[in-house]
J.: 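My questions all concern the structure below.
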Amino acid sequence: MSKTVINSDKAPAAIGTYSQAIKAGNTVYMSGQIPLDPNTMELVEGFEAQTVQVFENLKSVAEAAGGSFKDIVKLNIFLTDLSHFAKVNEVMGRYFEQPYPARAAIGVAALPKGAQVEMDAILVLE
């Protein structure tokens with residue numbers, strides 16, 4: 001099976017030894033996105049703004065792969081404070097409609113660059 005590197009200049013550049021996403025067959029494995037503004041490579045301020053930025057970054061990579069949020073079958077959410085979970089659900093409702101993807105929400109001690117939220121996803125393209 002061939003693998004294709006997916007890259008979007010509308011999402012933050014990879015800051016390590018990884019690709020923004022890899023397409024294998026009709027499945028796209030998206031790397032974790034933190035709330036970096038792709039223009040400044042700086043974290044945006046505030047939890048809601050960080051959550052929105054992560055979804056925008058994921059959206060840009062999904063589009064670069066030829067997909068959209070409708071193609072996401074699995075979403076993983078990493079939070080440094082699980083008390084923000086209701087806000088994540090609210091923001092997620094702006095980006096997704098039923099049927100919603102399978103999802104995990106995981107509390108973690110810390111995230112890169114001091115981010116409060118990180119997400120990764122798996123898409124299946126038709």
Side-chain angles (χ1 to χ4, degrees):
M1 176 184 314
S2 66
K3 295 188 294 184
T4 304
V5 174
I6 305 298
N7 187 50
S8 171
D9 59 3
K10 294 179 182 175
I15 52 174
T17 54
Y18 64 93
S19 300
Q20 288 177 334
I22 295 290
K23 182 178 177 186
N26 68 337
T27 304
V28 178
Y29 300 90
M30 298 173 65
S31 291
Q33 287 287 336
I34 60 173
L36 291 176
D37 178 318
N39 298 313
T40 65
M41 292 299 287
E42 297 293 328
L43 285 179
V44 298
E45 294 292 324
F47 183 78
E48 183 171 352
Q50 286 198 5
T51 304
V52 167
Q53 188 65 56
V54 169
F55 280 122
E56 289 297 322
N57 293 345
L58 287 173
K59 180 179 170 189
S60 295
V61 177
E63 289 172 351
S68 71
F69 278 179
K70 291 180 182 188
D71 300 306
I72 293 179
V73 297
K74 179 69 164 100
L75 180 69
N76 292 314
I77 303 169
F78 305 93
L79 297 166
T80 58
D81 183 347
L82 285 173
S83 72
H84 291 304
F85 190 68
K87 180 56 74 178
V88 170
N89 275 334
E90 178 194 320
V91 175
M92 186 174 170
R94 301 176 204 166
Y95 288 92
F96 289 87
E97 43 190 60
Q98 292 190 18
Y100 299 121
R103 181 179 77 179
I106 303 156
V108 297
L111 291 168
K113 295 190 171 271
Q116 297 178 69
V117 59
E118 179 174 356
M119 297 180 210
D120 67 15
I122 299 171
L123 290 78
V124 176
L125 304 175
E126 297 294 326

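Since the model is a prediction, treat every value here as computed from it, not as a measurement.
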J.: Please tell me if the side chains of Val117 and Phe78 come closer than 4.5 Å, counting only heavy atoms from C-beta onward.
T.: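 Heavy-atom side-chain distance check fails, nothing below 4.5 Å.
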
J.: Report the residues that fulfil side chain to side chain donor-acceptor pair (under 3.5 Å) with Asp81, sequence neighbours left out, ordered by chain and then residue number.
T.: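 Asp81 satisfies side chain to side chain donor-acceptor pair (under 3.5 Å) with Ser83 once adjacent residues are dropped.
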
J.: By the side-chain hydrogen bond (donor to acceptor under 3.5 Å, both in side chains) test, which pairs, at least two apart or in different chains, include something from residues 59-70?
T.: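 side-chain hydrogen bond (donor to acceptor under 3.5 Å, both in side chains) check on residues 59-70 returns no pairs.
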
J.: Could you list the residues that satisfy salt bridge (Lys or Arg N to Asp or Glu O under 4.0 Å) with Lys74, not counting sequence neighbours?
T.: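 Salt bridge (Lys or Arg N to Asp or Glu O under 4.0 Å) check on Lys74 returns nothing, list empty.
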
J.: Give, for atom CD1 of Ile122 and atom CG of Leu75, the distance between the pair rounded to the nearest 0.5 Å.
T.: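 Ile122 atom CD1 to Leu75 atom CG measures 10.0 Å (nearest 0.5 Å).
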
J.: Going by the side chain to side chain contact (heavy atoms under 4.5 Å, CB included) test, name the single residue among Leu123, Ile72, Val73 that passes it with Pro101.
T.: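 Only one option passes, and that is Ile72.
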
J.: Minimum heavy-atom separation for Ala109 to Thr80, with atom names?
T.: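 Here Ala109 and Thr80 meet closest at O-CG2, 4.3 Å.
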
J.: Got a sec, which hydrophobics cluster with Val44, joining ILVMFWY side chains under 4.5 Å apart, including via others?
T.: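 Joined to Val44, directly or through intermediates: none.
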
J.: Output all residues satisfying side chain to side chain donor-acceptor pair (under 3.5 Å) with Glu90, sequence neighbours left out; order by chain, then residue number.
T.: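 With neighbours one apart ignored, the set is Lys87, Arg94.
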
J.: With sequence neighbours excluded, tell me which residues meet side chain to side chain donor-acceptor pair (under 3.5 Å) with Thr17.
T.: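 Applying side chain to side chain donor-acceptor pair (under 3.5 Å) to Thr17 gives none.
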
J.: Would you say Leu58 and Val52 are hydrophobically clustered, going by side-chain heavy atoms of ILVMFWY under 4.5 Å?
T.: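 Yes, same cluster.
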
J.: Are Tyr18 and Val5 connected in the hydrophobic side-chain network, where two residues link if heavy atoms are under 4.5 Å apart?
T.: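 Looking at the clustering, Val5 is in a separate group from Tyr18.
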
J.: Which pairs with one or both residues in residues 97-122 pass side-chain hydrogen bond (donor to acceptor under 3.5 Å, both in side chains), sequence neighbours excluded?
T.: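 Of all non-adjacent pairs touching residues 97-122, those that pass side-chain hydrogen bond (donor to acceptor under 3.5 Å, both in side chains) are Asn76-Asp120, Asn89-Arg103.
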
J.: Would you mind reporting whether Val108 and Leu79 have side-chain heavy atoms less than 4.5 Å apart?
T.: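 No, their side chains stay 4.5 Å or more apart.
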
J.: The criterion is ring pair (Phe, Tyr, Trp, His ring centres under 6.0 Å); which residues satisfy it with Phe69, sequence neighbours excluded?
T.: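 So Phe69 forms a ring pair (Phe, Tyr, Trp, His ring centres under 6.0 Å) with Tyr95, Phe96.
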
J.: Quick check on side chain to side chain contact (heavy atoms under 4.5 Å, CB included): which of Ile34, Leu43, Leu36 does Pro112 satisfy it with?
T.: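 Output: one option passes, namely Ile34.
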
J.: Please give me the minimum heavy-atom distance between Phe85 and Ala105, naming the atom from each residue.
T.: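 So the two residues come closest at CE1-CB, 3.3 Å.
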
J.: Could you give me the CA-CA distance, side-chain angles and deciding distance for Thr51 and Met92, then say whether side-chain contact (heavy atoms from CB on, under 4.5 Å) is met?
T.: CA-CA 9 Å; Thr51 304; Met92 186 174 170; over 6 Å; no

J.: How about Val91 and Glu48: do any of their side-chain heavy atoms sit closer than 4.5 Å?
T.: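 Contact flag for Val91/Glu48 side chains = yes.
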
J.: Can you list everything that forms a side chain to side chain contact (heavy atoms under 4.5 Å, CB included) with Ala21? Sequence neighbours excluded, please.
T.: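 In terms of side chain to side chain contact (heavy atoms under 4.5 Å, CB included), with neighbours along the sequence ignored, Ala21 is linked to Ile6, Val28, Met30, Val61.
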
J.: Would you mind listing every side-chain hydrogen bond (donor to acceptor under 3.5 Å, both in side chains) that reaches into residues 2-15, with sequence neighbours excluded?
T.: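 Applying side-chain hydrogen bond (donor to acceptor under 3.5 Å, both in side chains) to every pair that reaches into residues 2-15, excluding sequence neighbours, yields nothing.
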
J.: Should Val124 and Ile22 be regarded as members of a common hydrophobic cluster, given that ILVMFWY residues are connected when their side-chain heavy atoms come within less than 4.5 Å of each other, either directly or indirectly?
T.: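 No, Val124 and Ile22 fall in different hydrophobic clusters.
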
J.: Hey, any chance Ile15 and Met119 share a hydrophobic cluster, counting ILVMFWY side chains that come within less than 4.5 Å of each other, even indirectly?
T.: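 Different hydrophobic clusters.
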
J.: Give every residue pair that meets the side-chain hydrogen bond (donor to acceptor under 3.5 Å, both in side chains) criterion with at least one member in residues 19-34, sequence neighbours excluded.
T.: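 Non-adjacent pairs meeting side-chain hydrogen bond (donor to acceptor under 3.5 Å, both in side chains): zero.
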
J.: Going by side chain to side chain donor-acceptor pair (under 3.5 Å), name the residues that satisfy it together with Gln53, two or more places apart in sequence or in a different chain.
T.: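 Counting only residues at least two positions away or on another chain, Gln53 forms a side chain to side chain donor-acceptor pair (under 3.5 Å) with Asn57.
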
